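First the proteins, then the strands, lettered A, B, ... as listed; each starts at 1. Everything numeric here is computed off the predicted structure, so don't read it as measured data.
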There are 2 protein chains.
Amino acid sequence: MSIDVDLKEFSRGFKTKKNILAQSLALFSSKGFKATTVRDIANSVGVKQSALYNHFKNKDEILETLVEELMTSAIANIFISKDNVSDRLQGKSLLLSISTTFKLISFDIKNEALFKLLIQEIYNNERVREIYSEYFYQTNVKKLSSLLFEMMQNDIIKSNDPLILANEFFAPLFFYQMQISLFKQDKKSTSAMVSLFEKHVDFFWDNIKS
Amino acid sequence: MSIDVDLKEFSRGFKTKKNILAQSLALFSSKGFKATTVRDIANSVGVKQSALYNHFKNKDEILETLVEELMTSAIANIFISKDNVSDRLQGKSLLLSISTTFKLISFDIKNEALFKLLIQEIYNNERVREIYSEYFYQTNVKKLSSLLFEMMQNDIIKSNDPLILANEFFAPLFFYQMQISLFKQDKKSTSAMVSLFEKHVDFFWDNIKS
DNA sequence: ATATATAATGAACATTTGTTCATATAGAAT
DNA sequence: ATTCTATATGAACAAATGTTCATTATATAT
């Protein structure tokens with residue numbers, strides 16, 4: 001067996017394809033999909049428009065590819081990211097870990113772009129809504145619900161509807177993430193937002209602990 | 001003095017102008033501004049495209065007019081709406097009143113359209129961001145903060161950072177409003193969402209009451 | 001009833017936009 | 001070095017889009 005597998009990842013074509021996606025994400029997230037032209041994309045990539053069609057069937061397929069990336073993005077896998085969450089940690093530490101992960105994601109450039117894409121296309125694109133609902137919302141709420149339910153069984157927290165609690169926990173995190181992206185859009189300072197993630201956990205934990 | 005003031009509100013032109021705005025709001029909020037064509041608008045209004053230009057300088061001016069409507073919309077004036085809020089009521093009743101107003105707004109058709117317009121244009125339109133930040137966010141958060149601060153003075157609730165509390169109170173309301181608009185988009189049932197507004201107040205009040 | 005101001009129409013326009021395709025070029029395999 | 005495949009280019013296209021304007025129709029005031 002020889003080792004010279006012709007890995008596509010190093011081919012010229014693969015590099016431009018990756019570049020097209022990166023530049024498109026940047027453009028779609030800042031101007032919106034409809035307002036971005038294929039000429040915009042080509043210019044950003046440093047290539048003529050016709051070259052794009054060697055890598056994607058059309059403009060829509062570029063969006064579709066990016067939209068599918070949402071599934072593998074950070075928020076969709078917030079419970080998988082890092083080793084800590086939901087394994088070793090318990091109680092408040094667990095919640096703090098989730099919140100901190102959320103905070104880091106909110107300040108991550110790539111993720112910020114995906115988030116803005118999500119928000120801007122969620123009403124126009126059914127697939128985006130599907131992914132948001134299934135992978136962003138439901139997965140995380142269900143997972144947290146069951147963790148909270150466990151804590152109730154172990155008398156670590158007060159008895160309550162776990163689904164309501166999970167919503168109450170995530171809503172501010174989502175809200176803060178949105179606020180951060182809006183502040184950045186206007187180049188406002190986001191330093192005051194940093195502490196909000198921990199303060200939320202403090203507030204939340206005080207309410208649910210037994 | 002005669003009474004036959006020529007009220008513009010009853011003129012033919014005023015009616016179509018109002019209609020153009022109504023149809024444009026419906027279209028912008030469902031397809032997005034950029035994806036809506038002047039032919040779309042004209043068709044919805046039941047008029048030829050050229051007629052639009054008797055009432056608005058161009059397509060942008062239609063959007064601008066709608067955007068300014070955001071300021072006089074319900075969320076921007078949540079504390080003014082109804083007689084109850086912040087006047088007679090105190091403590092939990094006050095919070096419940098705000099939350100209920102928010103719920104009613106979330107289910108109001110006109111407001112839902114404005115909300116969707118806001119969300120879709122907030123990253124592209126600086127004026128939208130300005131209005132959101134000033135009239136939606138800051139006004140309400142400051143007002144609630146000061147009300148909460150009063151409650152702290154009167155030992156009705158525990159001492160805490162009023163700004164944090166205001167954020168924690170509004171974030172889930174905003175989140176639920178967004179969820180409702182998304183559910184409606186997919187024609188999913190929103191009946192389960194109704195109770196969330198009250199449950200949020202229960203949860204929140206339990207945490208802050210002394 | 002006639003004149004006047006207001007609003008709607010039809011047709012056209014210059015741009016912009018997404019896409020195609022024949023041709024040229026570069027990189028990899030032989 | 002030559003062949004072959006993958007990628008990039010240039011030019012062109014049809015369709016869509018925002019806007020204009022001369023003309024016609026409609027309502028209101030005289």
Side-chain angles (χ1 to χ4, degrees), chain A residues 1-28 30-67 120-121 124-125, chain B residues 1-28 30-67 120-121 124-125:
Chain A
M1 285 171 76
S2 76
I3 323 182
D4 65 324
V5 203
D6 69 334
L7 287 174
K8 273 221 180 126
E9 286 120 75
F10 300 119
S11 71
R12 182 172 49 135
F14 186 81
K15 265 191 274 183
T16 44
K17 182 161 188 171
K18 251 185 56 182
N19 207 223
I20 290 169
L21 288 172
Q23 301 301 327
S24 296
L25 176 57
L27 288 164
F28 292 169
S30 81
K31 308 175 60 171
F33 171 71
K34 190 73 209 238
T36 302
T37 71
V38 291
R39 281 159 184 86
D40 288 336
I41 300 172
N43 280 342
S44 292
V45 175
V47 90
K48 301 299 165 194
Q49 1 163 18
S50 47
L52 302 180
Y53 293 84
N54 284 317
H55 305 278
F56 297 93
K57 197 169 91 258
N58 50 33
K59 191 189 164 192
D60 285 305
E61 203 186 62
I62 300 179
L63 177 62
E64 283 164 24
T65 308
L66 287 171
V67 164
Q120 287 184 87
E121 299 303 322
N124 310 313
N125 192 314
Chain B
M1 285 171 78
S2 76
I3 323 179
D4 65 323
V5 202
D6 69 333
L7 287 175
K8 274 216 179 131
E9 287 119 73
F10 300 120
S11 71
R12 183 171 51 137
F14 186 81
K15 265 192 273 183
T16 45
K17 182 161 189 172
K18 251 185 58 183
N19 206 222
I20 290 169
L21 288 172
Q23 302 302 325
S24 296
L25 176 57
L27 288 165
F28 292 168
S30 81
K31 307 175 60 172
F33 171 71
K34 191 75 210 238
T36 302
T37 72
V38 292
R39 281 160 183 83
D40 289 336
I41 301 172
N43 279 342
S44 291
V45 175
V47 90
K48 301 299 164 194
Q49 1 163 19
S50 47
L52 302 180
Y53 293 84
N54 284 317
H55 304 278
F56 297 94
K57 199 167 92 258
N58 50 33
K59 190 188 165 193
D60 284 305
E61 204 185 61
I62 300 179
L63 177 62
E64 283 163 26
T65 308
L66 286 172
V67 164
Q120 287 185 85
E121 298 304 322
N124 309 312
N125 193 314

| Does Phe33(A) have Lys34(B) sitting over its ring (NZ/CZ under 6.0 Å from centre, angle to axis within 45°)? | no
| query | Which residues, if any, of residues 49-63 of chain A bring a heavy atom under 4.0 Å of DNA chain C? | reply | Gln49(A), Ser50(A), Tyr53(A), Asn58(A), Lys59(A)
| request: Take Leu21(B) and Lys18(B), measure what side chain to side chain contact (heavy atoms under 4.5 Å, CB included) needs, and give me the verdict at the end. | output: CA-CA 5 Å; Leu21(B) 288 172; Lys18(B) 251 185 58 183; 5.7 Å; no
| Closest heavy-atom contact between Ser24(A) and Ile62(A)? | OG-CG2, 3.4 Å
| Is the distance from OP1 or OP2 of dA8(C) to the nearest side-chain N or O of Thr16(B) less than 4.0 Å? | yes
| message | What is the separation between atom NZ on Lys34(B) and atom C1' on dA16(D), rounded to the nearest whole Å? | response | 12 Å
| field | Whole-Å gap separating C1' (dT17(C)) and CZ (Phe33(A)) | value | 12 Å
| Lys31(B) pairs by side chain to side chain donor-acceptor pair (under 3.5 Å) with which of Thr37(B), Thr36(B), Asp40(B)? | Asp40(B)
| Distance, rounded to the nearest Å, where Phe14(A) contributes CZ and dA26(C) contributes C1' | 20 Å
| task | Verify, without hydrogens or angle tests, whether Lys17(B) (side chain) and Phe56(B) (backbone) share a donor-acceptor contact under 3.5 angstrom. | result | no
| field | Between C1' of dG10(C) and CG of Asn43(B), the distance in whole Å | value | 15 Å
| task | Rounded off to whole Å, could you give me the CG-to-P distance for the Leu27(B) and dT17(D) pair? | result | 13 Å
| request: Give the nucleotide from the list dA7(C), dT17(C), dT9(D) with an atom nearest to the side chain of Val47(A). | output: dT9(D)
| query | Is there a side-chain contact between Leu63(A) and Asn125(A), using heavy atoms and a 4.5 Å cut-off? | reply | yes
